[in-house]
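The shown structure was predicted, so the numbers you read here are calculated from the model rather than taken from an experiment.
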Amino acid sequence: MAIAKYSLTALDCPDPVELANFYSQITGFEVVVAHRNKDGQPQWVELVEIDQTRIAFQKIDNYLKPTWPEGPVPQQAHLDFDVPDLDIAEELILKIGAVKSSIQPSSNPDDNFRVYFDPAGHPFCLVKRSN
């Protein structure tokens, strides 16, 4: 028997609305400001699909970008997104602000995944969906 039910993944970032909007363009999920700080600024923003939170974004004032794959700030976490075509998905995510990592785990063009950074510097992967 499970002790708990998994509910969501949250990413620290300097601007939760901006990052939620970025991932909303990838997933199509709705952006919901779930909590504001005492000054009324968004503190916790969620991506919601059919009334269920999928990913949350939390504002951190002194946020430091991950330095993946090495360096003083570890990747902390990363997200994978399945896509039917890596080249088409890459073109689309680059247009909305993603940056392709200059370091890819493999130089084989037939590999089924690629690494990118979101606007807050979190690494994430596009993974070619196997049929």
In this structure, which one of V31, D15, D118, V17 forms a side-chain contact (heavy atoms from CB on, under 4.5 Å) with F22? D118
Mark yes or no for whether [X], through its side chain, and [Y], through its backbone, hold a donor-acceptor pair below 3.5 Å.
X    : Y    : value
S24  : E30  : no
Q104 : V115 : yes
N37  : D39  : yes

For [X] versus [Y], what's the shortest heavy-atom pair and its separation?
X    : Y    : result
T67  : P72  : OG1-N, 3.5 Å
L126 : V83  : CD2-CG1, 3.9 Å
P66  : A120 : CD-O, 4.3 Å

Got a second to check how far R129's CZ is from D82's CG, nearest 0.5 Å? 6.5 Å
Got a second to check how far W68's CH2 is from S101's OG, nearest 0.5 Å? 4.0 Å
With a 4.5 Å heavy-atom cut-off, do F57 and L47 have their side chains touching? yes
Might you work through the side-chain contact (heavy atoms from CB on, under 4.5 Å) test for F124 and F81, ending with a clear yes or no? CA-CA 8 Å; F124 71 95; F81 297 95; 3.9 Å; yes
Neighbour count above 12 (heavy atom, 6.0 Å) for D51 CG: no
Given the rule in the side-chain contact (heavy atoms from CB on, under 4.5 Å) test, do K59 and D61 qualify, once you have shown the distances and angles that lead to the verdict? CA-CA 6 Å; K59 179 174 176 44; D61 290 329; 3.4 Å; yes
N-O pairing of R114 and D87 below 4.0 Å: yes
Centroid separation under 6.0 Å, is that true for the rings of Y63 and H122? yes
